[in-house]
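Sharing a structure below in structure tokens format, with a few things to ask.
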Amino acid sequence: MAVEPVVYGASERPPRGDYSRARDDYTCPQNWAAYTDADHDTYRRLHERQSALLPGLAAQAFIDALPSLGVSNRIPRFEEINERLRPATGWELVAVPGLIPERPFFDLLAHRRFPVTDWIRTPAEFDYIVEPDVFHDLFGHVPLLFNPVFADYVQRYGAGGLKAHDLGAGELLSRLYWYTIEFGLIRQPDGLRAYGAGILSSSGELRHSVTSPQARRIALDLLRCMRTRYKIDDYQATYFVIDSFEQLFEMTAPDFAPLYEAVRSLGDLPADASIASDSSITLG
């Protein structure tokens, strides 16, 4: 490819994946026949483990939508999920060889095409993997694409990302993706729950983010969020909390250009920062 993948965060590990297979938009065939029995078994065991952890920790909207993935005893075919996803919210899944640069990523989301990494982790990475694989993308991200409000938010994020790229603010906006779509928490009537894909696909962080007294949880504020750096190879030091997907969608309606200027003026914050304006969320 003429453009190499981009990695935000603090990992120096190069992205894996065969990018020679990718088209100009970084999509590629899923090549489902290439999965081995061991690959399917890894997916089955991951799905079984994470599903058992969801009650009391995952957002109810995610639990309700999870059966829409279909089979759990093998890696699903993307086209089979698309047969259900397109009529539900107008989205479709497309395979990619791994992490992709910001502009192609934003463009896919803006057109309701969700990129799913087509390779799966090795057995040695069963408990932890640095970058997203097919299990993370399918199990963590795709169920909420069946939720109309959340699906609209992801599309709006992609459209906003194209504008951010042209303003040189792609990395600032990536922090919003990280702290909502990947590692967001939501307050339900029955307590705090996870909706971010990075949490939902991790056995350890799912418990930590929702139940640990050591985790810092604050109400989502867009300026605070986009000022906050993050690391990709450890549990998050800070989690941002919303009250509903409708709130998240409404918060991201205004033009972000003034926000980017404010972030640049105020400067970045460490991932574990605590500032006076934080609205802390306590357990219980």
Problem set entry | Non-hydrogen atoms of Gln247 and Asp243 that approach each other most closely |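 Taking Gln247 first and Asp243 second, the nearest heavy atoms are OE1-N, 2.7 Å.
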
Exercise. Any side-chain heavy atom of Phe78 sitting closer than 4.5 Å to one from Val94?
Worked result: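 Phe78 does not reach Val94 side chain to side chain.
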
For this session: Could you verify whether a donor N or O on one side chain and an acceptor N or O on the other, from Asp278 and Ser280, lie under 3.5 Å apart?
Result: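 No pair is found: no donor N or O on one side chain lies under 3.5 Å from an acceptor on the other.
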
For this session: Would you kindly say whether Arg23 and Thr27 are connected by a side-chain donor-acceptor distance under 3.5 Å?
Result: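 Yes, Thr27 and Arg23 have a side-chain donor paired with an acceptor closer than 3.5 Å.
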
Exercise. Any donor and acceptor pair, going by atom type alone, linking the side chain of Glu92 with main-chain N or O of Asn82 inside 3.5 Å?
Worked result: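 Not at all, since once roles are kept as given, no pair shorter than 3.5 Å links the two residues.
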
Problem set entry | Phe105 and Tyr177 aromatic ring geometry - parallel, tilted or perpendicular at 30°/60° bounds |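 Geometry flag for Phe105 against Tyr177: perpendicular rings.
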
Problem set entry | pair Asp137-Val142: side-chain heavy atoms closer than 4.5 Å |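 The answer is no, as the side chains (C-beta and beyond) never meet within the 4.5 Å cut-off.
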
Exercise. Do the side chains of Leu269 and Met226 join up, straight or via other hydrophobic residues, at under 4.5 Å, putting them in one cluster?
Worked result: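 Cluster IDs for Leu269 and Met226 differ.
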
For this session: Rounded to the nearest 0.5 Å, what's the gap from CZ on Phe150 to OG on Ser244? Could you check?
Result: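 It is 12.5 Å, given to the nearest 0.5 Å.
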
Problem set entry | Interatomic spacing from CD1 in Ile281 to CD1 in Ile242 - rounded to 0.5 Å |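 Spacing of CD1 (Ile281) from CD1 (Ile242) equals 11.5 Å.
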
Problem set entry | Considering all heavy atoms, the nearest Cys28-Ala22 contact |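 Heavy-atom minimum between the residues: CB-CA, 4.2 Å.
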
Problem set entry | Verdict with reasoning, Phe245 to Tyr195, per ring pair (Phe, Tyr, Trp, His ring centres under 6.0 Å) | CA-CA 10 Å; Phe245 295 142; Tyr195 72 90; 5.4 Å; yes

Problem set entry | Polar side-chain atom of Thr89 near backbone of Pro148 as donor-acceptor pair, under 3.5 Å |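 Checking the backbone N and O of Pro148 against the side chain of Thr89, no donor-acceptor pair under 3.5 Å is found.
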
Problem set entry | Pair Ser51-Leu66, side-chain contact (heavy atoms from CB on, under 4.5 Å): steps then yes or no | CA-CA 9 Å; Ser51 297; Leu66 184 60; 3.8 Å; yes

Exercise. Is the shortest side-chain N to carboxylate O distance from Asp272 to Arg216 below 4.0 Å?
Worked result: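 No.
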
Problem set entry | Ser203 vs Gln50, side-chain contact (heavy atoms from CB on, under 4.5 Å): CA-CA, chis, key distance, verdict | CA-CA 6 Å; Ser203 61; Gln50 290 305 117; 3.2 Å; yes

Exercise. Roughly how far, to the nearest 0.5 Å, is the CZ atom of Arg121 from the CG atom of Asp133?
Worked result: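 Answer rounded to 0.5 Å: 4.0 Å.
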
Exercise. Do Arg84 side-chain atoms and Leu69 backbone N/O form a donor-acceptor pair below 3.5 Å?
Worked result: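 Yes: the side chain of Arg84 pairs with the backbone of Leu69.
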
Exercise. Is a side-chain donor-acceptor pair under 3.5 Å present for Thr180 with Tyr153?
Worked result: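 Short answer, yes.
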
Exercise. If you group Ile, Leu, Val, Met, Phe, Trp and Tyr whenever their side-chain heavy atoms sit less than 4.5 Å apart, what else falls in with Val71?
Worked result: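 Its cluster mates, by chain and number: none.
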
Problem set entry | Which atom of Leu200 lies closest to which atom of Ala58, heavy atoms considered |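 Here Leu200 and Ala58 meet closest at CD2-CB, 3.5 Å.
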
Exercise. Is the shortest side-chain N to carboxylate O distance from Asp166 to Arg103 below 4.0 Å?
Worked result: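 Arg103 and Asp166: salt-bridged.
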
For this session: Would you mind reporting whether Ile199 and Leu185 have side-chain heavy atoms less than 4.5 Å apart?
Result: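 Yes, at least one pair of side-chain atoms sits under 4.5 Å.
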
Exercise. Does the pair Arg49/Asp127 count as a salt bridge with the N-to-O cut at 4.0 Å?
Worked result: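 Judged by the 4.0 Å cut-off on N to carboxylate O distance, Arg49 and Asp127 do form a salt bridge.
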
For this session: Tell me, with the steps shown, if Asp118 and Val134 meet side-chain contact (heavy atoms from CB on, under 4.5 Å).
Result: CA-CA 5 Å; Asp118 67 345; Val134 69; 5.7 Å; no

Exercise. Are any of the side-chain heavy atoms of Asp25 and Arg113 separated by less than 4.5 Å?
Worked result: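 Counting from C-beta outward, Asp25 and Arg113 do come under 4.5 Å.
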
Problem set entry | Minimal non-hydrogen separation, Ser201 against Ala197, with atom names |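 Closest pair (atom of Ser201, atom of Ala197, distance): OG-O, 2.8 Å.
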
For this session: Please round to the nearest 0.5 Å and tell me the distance separating atom CD of Glu79 and atom CH2 of Trp32.
Result: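 Separation between the atoms: 9.5 Å.
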
Exercise. So, do Asp234 and Tyr128 sit near enough that their side-chain heavy atoms are less than 4.5 Å apart?
Worked result: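 Counting from C-beta outward, Asp234 and Tyr128 never come under 4.5 Å.
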
Exercise. Do Tyr230 and Ser174 come close enough that some side-chain heavy atom pair is under 4.5 Å?
Worked result: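 Answer yes - side chains close enough.
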
Exercise. Given side chains that start at C-beta, do those of Leu93 and Leu138 come closer than 4.5 Å, heavy atoms only?
Worked result: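 They are in contact (side-chain heavy atoms under 4.5 Å apart), so the answer is yes.
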
Exercise. Where do Phe62 and Phe139 land on the ring pair (Phe, Tyr, Trp, His ring centres under 6.0 Å) test, with the steps shown first?
Worked result: CA-CA 10 Å; Phe62 179 87; Phe139 186 95; 5.7 Å; yes

Problem set entry | Asp107: side-chain contact (heavy atoms from CB on, under 4.5 Å) partners, not counting sequence neighbours |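 By the side-chain contact (heavy atoms from CB on, under 4.5 Å) rule, Asp107 matches His111, Leu162.
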
For this session: Output all residues satisfying side-chain contact (heavy atoms from CB on, under 4.5 Å) with Arg156, sequence neighbours left out; order by chain, then residue number.
Result: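 So Arg156 forms a side-chain contact (heavy atoms from CB on, under 4.5 Å) with Phe249, Thr252, Ala253.
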
Exercise. Looking just at side-chain N and O atoms, do Trp178 and Gln236 make a donor-acceptor pair shorter than 3.5 Å?
Worked result: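 Distance-only check passes for Trp178 and Gln236.
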
Problem set entry | Separation of Glu48 CD from Asn73 CG (nearest 0.5 Å) |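 Here the rounded value is 10.5 Å.
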
Problem set entry | Nearest-0.5 Å distance, CD of residue Glu261 to CG of residue Leu172 |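 Answer rounded to 0.5 Å: 9.5 Å.
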
Exercise. When Val263 is tested against each of Thr228, Leu222, Leu223 for side chain to side chain contact (heavy atoms under 4.5 Å, CB included), which residue passes?
Worked result: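 That would be Leu223.
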
Problem set entry | Close side-chain approach of Ile218 and Phe240, heavy atoms under 4.5 Å |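 Yes, close enough: below the 4.5 Å cut-off.
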
Problem set entry | ring-ring contact (aromatic ring centres under 6.0 Å, His included) against Tyr239, all qualifying residues, sequence neighbours excluded |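 With sequence neighbours excluded, Tyr239 shows a ring-ring contact (aromatic ring centres under 6.0 Å, His included) to no residue whatsoever.
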
For this session: Taking all heavy atoms of Cys225 and all of Tyr179, pick out the closest pair and write down the distance.
Result: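 Looks like SG-CB, 3.7 Å.
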
Problem set entry | Test side-chain contact (heavy atoms from CB on, under 4.5 Å) applied to Leu173 and Glu102, step by step | CA-CA 10 Å; Leu173 191 65; Glu102 62 178 29; over 6 Å; no

For this session: Compare every heavy atom of Leu266 with every heavy atom of Arg227, then report the nearest pair and how far apart it is.
Result: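 Shortest heavy-atom separation between Arg227 and Leu266 comes out as NH2-O, 3.4 Å.
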
Problem set entry | For His136, ring-ring contact (aromatic ring centres under 6.0 Å, His included) partners two or more places apart |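 His136 satisfies ring-ring contact (aromatic ring centres under 6.0 Å, His included) with His141 once adjacent residues are dropped.
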
Exercise. Can you tell me if Thr122 and Glu125 form a side-chain donor-acceptor pair at under 3.5 Å?
Worked result: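 A donor-acceptor contact under 3.5 Å links the two side chains.
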
Got a list of side-chain donor-acceptor pairs under 3.5 Å for residues 36-43, not counting sequence neighbours?
| from | atom 1 | to | atom 2 | distance (Å) |
| --- | --- | --- | --- | --- |
| Thr36 | OG1 | Ala38 | N | 3.4 |
| Thr36 | OG1 | Asp39 | N | 3.0 |
| Thr36 | OG1 | Asp39 | OD2 | 3.2 |
| Asp39 | OD2 | Thr36 | N | 3.0 |
| His40 | ND1 | Ile75 | N | 3.1 |
| Asp41 | OD1 | Arg44 | NE | 3.1 |
| Asp41 | OD1 | Arg44 | NH2 | 2.7 |
| Asp41 | OD2 | Arg45 | NE | 3.3 |
| Thr42 | OG1 | Ala38 | O | 3.0 |

Exercise. With no hydrogens and no angle check, is any side-chain donor or acceptor of Arg21 less than 3.5 Å from a backbone partner on Pro29?
Worked result: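 Side chain of Arg21 to backbone of Pro29, a donor-acceptor pair under 3.5 Å: yes, one is there.
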
